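Read through the structure below, which is laid out as structure tokens, and then see the notes.
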Amino acid sequence: MEQFLDADVPAGREAVADIPLPPFATAADHRRYLDMLQLYLAMLDPGAPATNTVVLNEALAAERRSADAGPLSPLALIASLSSFFPAPWTPDALAAALAGRIGAPVRHRDAWRWMGDPDFSAVPREGGGWEIVRHERGSFSNGVLAHDGDLVLLWMDHFRSRFPLPFGHSYERRDAALLAPAVRAARRAHDVNTAYPYLVTWRAARDAALGESLTPTRCEATQGARQILTGLEWCPDEKHGEQT
């Protein structure tokens, strides 16, 4: 039987054991989860970062300010699923978080079933991993998951957001043309912002943590920022110093 996960799923990746799981026993556990999710999403972005990442993390930060014991918000859950956030989910814990969704996993003794048309079942294999059966309109196919944690990744794949607007949707090309001048202006403004030392420092720290090539030093960054900020009299350090 072939490996059941698609190539766009990070099969076998390790979970991070000290991330708390929902439902959270304390507000501190909830804040810890959101802190780690925001850091993960920022590290996942290979860019400057992109405006989209900053906006999503700010929305999660707003949730953090009012976090209490209990479940994840829909936003935090979909961000976790769609990014394969490495919280130490067990099948029971993730099934509980997905409860109420159409096709959510349901336990049947040692096995799990989820979704419909097609529907899936998972049975533990001797020595670890899972045997998966896919059923659709009388047709069956089988596969395996090599690692115990891969069932969680398969559920993340099945329940993540794949096609938010406009990806995979039809939309008015005229609307895109109307937005284009504002998009170009916002990109130029964002390019200025990403030259400030606090973001250069972030990129260097991110790349060092990932073991990737380092971005320019702080001194090089300040010089580069001044070049981008042609015509401005103040140094970027004076506007955007190090954030602590």
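Bear in mind that the values here come from a model prediction, so they are computed numbers and not experimental data.
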Hey, what do you get for [atom1] ([X]) to [atom2] ([Y]), rounding to the nearest 0.5 Å?
X      : Y      : atom1 : atom2 : result
Arg113 : His108 : CZ    : NE2   : 5.5 Å
Ser121 : Phe140 : OG    : CZ    : 8.5 Å
Met156 : Leu151 : CE    : CG    : 11.0 Å
Arg134 : Met115 : CZ    : CE    : 9.5 Å
Ser80  : Leu41  : OG    : CG    : 7.5 Å
Leu81  : Leu98  : CG    : CG    : 6.0 Å

Please report, to 0.1 Å, the donor-acceptor pairs under 3.5 Å made by any side chain of residues 52-75, with sequence neighbours excluded.
residue: Thr53; atom: OG1; partner: Asp45; partner atom: OD2; Å: 2.6
residue: Asn57; atom: ND2; partner: Gln38; partner atom: O; Å: 2.9
residue: Glu58; atom: OE2; partner: Arg65; partner atom: NH2; Å: 3.2
residue: Glu63; atom: OE1; partner: Ser73; partner atom: OG; Å: 2.7
residue: Glu63; atom: OE2; partner: Ser73; partner atom: OG; Å: 2.8
residue: Arg64; atom: NE; partner: Asp35; partner atom: OD1; Å: 2.5
residue: Arg64; atom: NE; partner: Asp35; partner atom: OD2; Å: 3.4
residue: Arg64; atom: NH2; partner: Asp35; partner atom: OD2; Å: 3.2
residue: Ser66; atom: OG; partner: Glu63; partner atom: O; Å: 3.4
residue: Ser73; atom: OG; partner: Leu75; partner atom: N; Å: 3.4
residue: Ser73; atom: OG; partner: Ala76; partner atom: N; Å: 3.0

Following the transitive rule for hydrophobic clusters with a side-chain heavy-atom cut-off under 4.5 Å over Ile, Leu, Val, Met, Phe, Trp and Tyr, establish whether [X] and [Y] coincide in one cluster.
X      : Y      : value
Ile132 : Val106 : no
Leu21  : Trp112 : yes
Leu154 : Val123 : no

Problem - Linked hydrophobic residues, Phe163 as query - side chain contacts closer than 4.5 Å - result: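 For Phe163, no cluster forms, as it stays isolated from other hydrophobic side chains.
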Problem - For Arg31, side-chain hydrogen bond (donor to acceptor under 3.5 Å, both in side chains) partners two or more places apart - result: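 Result, side-chain hydrogen bond (donor to acceptor under 3.5 Å, both in side chains) vs Arg31: none returned.
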Handout entry: All side-chain hydrogen bond (donor to acceptor under 3.5 Å, both in side chains) counterparts of Asp175, not counting sequence neighbours
Key = none
Is any side-chain heavy atom of [X] closer than 4.5 Å to a side-chain heavy atom of [Y]?
X      : Y      : answer
Leu145 : Arg125 : no
His30  : Arg32  : no
Asp6   : Asp157 : yes
Arg206 : Leu39  : no
Thr194 : Arg203 : yes
Val133 : Ser141 : no
Arg13  : Pro86  : yes
Phe84  : Asp8   : no

Quick one: does any side-chain atom of [X] pair with a main-chain N or O of [Y] as donor and acceptor, under 3.5 Å?
X      : Y      : value
Arg107 : Arg109 : yes
Asp148 : Gly129 : yes
Asp150 : Ala11  : no

For the residue pair [X] and [Y], what are the closest heavy atoms and their distance?
X      : Y      : answer
Gly103 : Phe159 : O-CZ, 3.2 Å
Ala15  : Pro88  : CB-CA, 3.8 Å
Ile78  : Ser161 : CD1-N, 3.6 Å
Val152 : Pro91  : CG2-N, 4.0 Å
Tyr33  : Ala87  : CE1-CB, 3.9 Å

Handout entry: Qualifying residues under ring pair (Phe, Tyr, Trp, His ring centres under 6.0 Å), relative to Tyr40, sequence neighbours excluded
Key =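 Ring pair (Phe, Tyr, Trp, His ring centres under 6.0 Å) list for Tyr40, sorted by chain: Phe85.
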Handout entry: Counterpart residues, ring pair (Phe, Tyr, Trp, His ring centres under 6.0 Å), relative to His190 (two or more places apart)
Key = none
Handout entry: Plane angle bin for Phe4 and Phe120 - parallel if under 30°, tilted between 30 and 60°, otherwise perpendicular
Key =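 Aromatic pair Phe120/Phe4 classed perpendicular.
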Practice task
Assess whether atom CG of Leu178 is packed by more than 12 heavy atoms of other residues, nucleotides or ligands within 6.0 Å.
Solution key: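 Yes, because the 6.0 Å sphere around CG of Leu178 holds more than 12 heavy atoms from other groups.
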Exercise for the section: Could you please spell out the steps behind the side-chain contact (heavy atoms from CB on, under 4.5 Å) verdict for Asn193 and Tyr198? Expected result: CA-CA 9 Å; Asn193 188 56; Tyr198 82 108; 3.4 Å; yes
Problem - Check: Trp155 ring centroid to Trp89 ring centroid under 6.0 Å - result: no
